[in-house]
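When reading the values below, keep in mind they use all heavy atoms of this one structure, side chains included, and skip hydrogens, waters and symmetry mates. No experiment lies behind these values; they were computed from the predicted model shown.
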Amino acid sequence: MGETIIGQLADGRILVEVSQEGPNPYATGGITINVASVGKIDAVLSVRNEDGYKTDPDEATISNNSILQPVRFHGYACTGAPNSTRGYEVLNGANLSATTFKAIVLGH
């Protein structure tokens with residue numbers, strides 16, 4: 001979909017917003033979001049989507065210029081789960097291609 005550099009810090013690192021269509025099929029463990037504008041991601045500041053899935057940037061795994069982001073249902077939407085739970089992960093093989101994921105990352 002696309003990338004936009006939305007700012008630069010005094011130390012030269014840049015803030016990038018990347019927008020990406022979800023996968024079909026979803027693989028257990030998360031979606032991979034690549035950020036071509038940076039060689040290395042230092043931090044994932046946010047990951048969001050318009051379909052209400054839970055995407056906690058604290059769960060993202062960073063590898064050079066990509067992140068692996070688990071996609072979950074909110075705890076309150078999971079039968080039998082307490083509201084405080086992080087929610088169940090989306091099922092392996094689910095079609096998330098109609099969902100757009102947007103991440104803001106800090107990198108260099």
Which residues pass the side-chain hydrogen bond (donor to acceptor under 3.5 Å, both in side chains) test with [X], not counting sequence neighbours?
{"X": "Glu59", "result": "Arg72, Arg86"}
{"X": "Asn64", "result": "none"}
{"X": "Asp42", "result": "His108"}

Margin query: Checking side-chain polar atoms at under 3.5 Å, does Thr99 have a donor or acceptor matched by the opposite partner on Asp51?
Written below: yes
Tyr53 meets the ring-ring contact (aromatic ring centres under 6.0 Å, His included) criterion, sequence neighbours left out, with Phe73
d(Ile62 CD1, Ile67 CD1) to nearest 0.5 Å is 7.5 Å
Rounded to the nearest 0.5 Å, the OH atom of Tyr88 sits from the NZ atom of Lys54 at a distance of 12.5 Å
Shortest non-hydrogen pair, Tyr26 vs Val90, comes out as CE2-O, 3.4 Å
Salt bridge (Lys or Arg N to Asp or Glu O under 4.0 Å): pairs with one or both residues in [range], sequence neighbours excluded:
{"range": "residues 16-41", "value": "Glu17-Arg48"}
{"range": "residues 1-10", "value": "none"}
{"range": "residues 96-108", "value": "none"}

Across all chains, not counting sequence neighbours, the salt bridge (charged side-chain N to carboxylate O under 4.0 Å, His left out) partners of Asp11 are Arg13
Taking only residues two or more places apart in sequence, or in another chain, which ones meet [X] in a side-chain contact (heavy atoms from CB on, under 4.5 Å)?
{"X": "Ser66", "answer": "Thr32, Asn34, Ser63"}
{"X": "Thr61", "answer": "Leu68"}
{"X": "Asn92", "answer": "Ala27, Thr28"}

Exactly one candidate in Thr100, Asn49, Val35, Ile33 meets side-chain contact (heavy atoms from CB on, under 4.5 Å) with Gln20; the answer is Ile33
Going by chain and number, the hydrophobic cluster around Leu15 (ILVMFWY, side chain to side chain under 4.5 Å) further includes Ile6, Leu9, Leu45, Ile104, Leu106
- Asn95 side chain to Pro25 main-chain N or O, any donor-acceptor pair under 3.5 Å? no
